[in-house]
Amino acid sequence: MSEFELLARPIQKWIRGKGWPALRSIQADAIRTLYDSNRDLIISAGTAGGKTEAAFLPLISQCVQEPASPGFELVYIGPLKALISDQARRLEDICQYAELTVTPWHGDVSGAVKARAKKKPQGILLITPESLEAMFILNGLQIPTFFASTRAIVIDELHSLLDSERGIQMRSLIKRMEMAVGRPIRRLGLSATLGDNKDLAKRYLRPNDPATVELVEGSGGAPELKLQLRGYIKGDITLEAFGDSEGTESEDAAVNLDEAAARAVASHMFSKLRGSRNLIFAGARNRVELYADLLRLRCEEENLPQEFYAHHANISRHERSFIEDRLCKGDLPTTAVCTSTLELGIDIGDITCVAQIGAPFTVSSMVQRLGRSGRRPGQPQILRQYAIENRVDAVSHLIDRLRLDTIRAIAMIELHVKDRWCESPLPQALHLSTLVHQLLSVIAERGGSSAKRLYITLCEKGPFTEVTPAIFTQVLRALGREETGLIEQSDNDLLLLGPKGEKLVEHYSFYAVFKTPEEYRLLHEGKEIGTLPISTVITKGSTIIFSGRRWEILELDSISNTILIKPSKAGKAPKFGGDGLGLIDDRVVSKMLDILHSNDVPIYLDRVAKQLLQEARQAFSESKLDSNKLLSLSPKAHILSTWRGDIKTNSLALALQSLGFKLAIYDGLIEITDCPEEMNIFEGLEAIAEGRHTNLFADSSNLVSEKFHPYLSVELLQLDALSCRLDQTCIAPLAQEILEQEDS
DNA sequence: GACCTGCTGCGGTCTG
């Protein structure tokens with residue numbers, strides 16, 4: 001029987017109605033796998049590759065062919081509300097001849113729809129991890145009924161949920177679902193960019209039995225890639241960049257020189273991107289505003305209609321939808337200057353070109369961004385990478401002369417294009433903040449639980465596999481401390497929520513595992529145009545650039561957290577804060593070292609970028625950094641090379657700091673700016689090599705980074721950091737390596 | 001040295 005013939009009649013009818021010439025190969029493969037076995041399945045194909053149909057055509061068919069008892073027959077978990085609404089529409093279309101109810105369930109879905117589904121659970125449920133969490137807490141007793149007849153759980157955008165806090169939460173919820181119904185439920189993962197991580201993805205989809213997970217991959221290799229890396233030097237004043245800038249006062253000169261580079265980049269983007277549909281990834285919200293403003297001014301100067309828009313998380317939903325719709329419809333030229341808001345999620349149509357300002361932090365996000373262009377057969381992916389470096393001369397700082405941003409951008413491109421590599425998640429992470437969340441959630445779901453059952457549910461069978469019984473006990477103790485008061489023990493050894501735990505879990509803000517900052521609302525004539533973090537320093541009368549336009553602050557109310565604004569002629573892009581917790585992989589830094597050692601000049605560099613690469617290589621060899629891992633600039637100032645990623649470099653830096661050294665950290669390099677009285681750098685490194693350094697956590701203030709960290713003890717926070725952000729075991733060998741290199 | 005994601009129940013007002 002052919003794959004088509006396996007499907008139920010109403011689904012065959014739907015396919016015929018679509019006029020498809022044939023099933024795509026991933027669809028045929030997925031149908032075969034789902035009909036022939038009970039195995040889990042990962043469907044990996046480019047965006048718009050028909051993954052949703054590949055999963056749901058056979059799954060819906062099976063629902064039609066073997067009608068089941070009450071309960072949701074299929075569950076879809078998606079990371080975005082917009083994606084769920086989108087997919088619900090597509091599934092309703094597929095189900096038009098099959099009598100199957102489709103229920104989207106997220107924060108914007110009306111209570112009436114949810115109430116109806118709770119009363120009569122059936123068909124397909126599409127839900128976010130947070131709404132599923134809420135379901136467990138608010139309807140814990142009904143969970144076995146809801147999912148009694150669930151055939152499969154489909155996880156969309158699996159790559160975005162691999163190793164994140166949300167991913168761990170989702171895996172925990174799926175396991176709890178299986179435990180509630182007392183049987184395994186088939187799992188399907190849909191993903192666009194798994195790269196080298198296919199085995200890891202299998203492990204994340206079915207941790208105790210990854211070998212049985214099937215993989216179906218889209219055929220048709222990656223589209224052709226066209227790329228250019230353009231270099232810019234701050235203070236290089238070109239006529240085109242100079243524009244109408246006056247720059248008379250000497251104090252402003254430095255600022256204006258910086259701005260000249262941004263103008264030159266904006267000018268180039270304006271000339272190349274105008275008239276088509278593009279995404280410009282600016283790397284930070286502050287830079288999104290800066291470039292959106294520069295590009296808007298260019299349009300105004302040339303009397304052209306506006307086609308450049310700012311898009312990031314602080315801009316109002318309304319404005320963001322407007323930009324997304326414009327990109328999607330495609331009848332007007334539109335370029336969004338954006339952050340990772342437009343990196344994944346809903347289909348935004350056919351993008352001509354992706355621009356990236358400054359080197360990205362990970363190859364995987366670069367790949368994800370690139371995947372937004374070249375979606376039509378025969379169309380190339382186009383990447384325009386911009387690198388902006390400081391002007392240098394013979395006495396400039398070595399770090400500036402190494403052109404690290406340019407070198408990193410080249411490393412990222414080479415790793416993707418030549419090595420086909422991207423980052424993997426860290427499987428040894430403890431995820432203690434998320435564990436606290438799930439502990440409270442399971443207790444709420446069951447109305448109380450023994451410590452042993454909690455351990456079995458979450459650690460032995462659930463996703464917190466790295467948490468030992470000893471660590472688990474410590475976590476319970478931390479939550480039970482009187483000052484924490486989240487849980488308490490009943491007479492029969494049952495763990496219950498304490499008063500503070502009740503209050504925490506009862507509030508709707510509990511359901512998400514990730515932290516969100518407090519924000520001001522920005523109001524213009526009563527309409528919200530977006531938000532600014534409370535931490536932003538801002539005063540009445542000052543001016544800002546927001547949503548690509550310029551505004552003056554009229555009123556600032558710190559009780560209601562609102563800011564009233566009016567349009568203005570002047571403005572400066574505000575600082576949006578940020579976590580600064582990104583980690584660059586070992587492999588990226590080691591690639592940077594290879595590039596500095598090599599003589600190859602990639603063909604995709606423009607004239608200035610070639611010059612920057614040349615300068616970097618010259619600085620690298622002249623400084624003897626190519627043969628010395630310890631470079632002394634003066635008795636108290638040195639450069640140490642680890643040529644390792646952030647985890648290892650930061651760990652060695654912390655050890656040095658604990659001994660009293662003052663330092664700054666760069667990609668694979670540590671700059672020692674001052675030494676303590678009693679110790680020079682050699683003695684410091686020897687002490688570390690021999691394991692005699694003091695506490696790595698001398699400065700423990702930055703250990704609280706995740707939502708439920710504040711409830712844990714210092715000791716647990718240190719364990720958590722050591723499991724994923726720091727590496728204690730690498731410190732002594734690294735110090736030894738640096739010393740040995742110096743001797744030879 | 002950064003970015004993103006999500007949320008309930010109830011009381012209020014307005015519309016058909």
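So you know, we letter chains A, B, ... as the sequences are listed, proteins then strands, and number each from 1. Everything quoted here is computed from the prediction, not taken from an experiment.
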Which side-chain N or O atoms in residues 78-91 of chain A pair as donor and acceptor under 3.5 Å with protein atoms at least two apart or in another chain?
| from | atom 1 | to | atom 2 | distance (Å) |
| --- | --- | --- | --- | --- |
| A:Lys81 | NZ | A:Asp108 | OD1 | 3.4 |
| A:Lys81 | NZ | A:Asp108 | OD2 | 3.4 |
| A:Ser85 | OG | A:Lys81 | O | 3.2 |
| A:Ser85 | OG | A:His106 | NE2 | 3.2 |
| A:Gln87 | OE1 | A:Arg90 | NH1 | 3.3 |
| A:Gln87 | NE2 | A:Thr52 | OG1 | 3.1 |
| A:Gln87 | NE2 | A:Asp156 | OD2 | 2.9 |
| A:Arg90 | NH2 | A:Glu53 | OE1 | 3.2 |
| A:Arg90 | NH2 | A:Glu53 | OE2 | 2.8 |

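The side chain to side chain donor-acceptor pair (under 3.5 Å) check on A:Thr562 picks up A:Ser560, with sequence neighbours excluded. Applying the side chain to side chain donor-acceptor pair (under 3.5 Å) rule to A:Asn650 yields no partners; only residues at least two apart in sequence or on another chain are considered. Considering only residues two or more places apart in sequence or on other chains, A:Lys118 meets the side chain to side chain contact (heavy atoms under 4.5 Å, CB included) condition with A:Trp105, A:Asn139, A:Phe146. Every side chain to side chain contact (heavy atoms under 4.5 Å, CB included) that A:Gln169 has, sequence neighbours left out, goes to A:Pro129, A:Glu130, A:Glu133, A:Arg166, A:Leu173, A:Thr434, A:His437, A:Gln438, A:Val513. Shown here are the side chain to side chain contact (heavy atoms under 4.5 Å, CB included) partners of A:Ile534, two or more places apart in sequence or in another chain: A:Glu518, A:Tyr520, A:Asn561. With sequence neighbours excluded, the residues satisfying salt bridge (charged side-chain N to carboxylate O under 4.0 Å, His left out) with A:Asp667 are A:Arg408. Applying the salt bridge (charged side-chain N to carboxylate O under 4.0 Å, His left out) test to A:Glu165 and every residue at least two apart in sequence or in another chain returns nothing.
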Just the dot-bracket of DNA chain B, please: which string comes out with Watson-Crick or G-U pairs under 3.5 Å, [ ] for crossing, | for another strand? ................
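A:Arg408 comes within contact range of at least one nucleobase, with a heavy-atom separation under 4.0 Å.
With rounding to the nearest 0.5 Å, the separation of CG in A:Leu125 from CE in A:Met135 is 5.0 Å.
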What string of B, S and - do you get for nucleotides 3-9 of chain B, 5' to 3', if B is base contact, S is sugar-phosphate-only contact and - is no contact with any protein heavy atom under 4.0 Å? BSBBBBS
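Applying the salt bridge (Lys or Arg N to Asp or Glu O under 4.0 Å) rule to pairs touching residues 317-326 of chain A yields nothing, sequence neighbours excluded.
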Check the interface with nucleotides 11-14 of chain B: list each N/O to N/O pair with the protein under 3.5 Å, or write none.
none

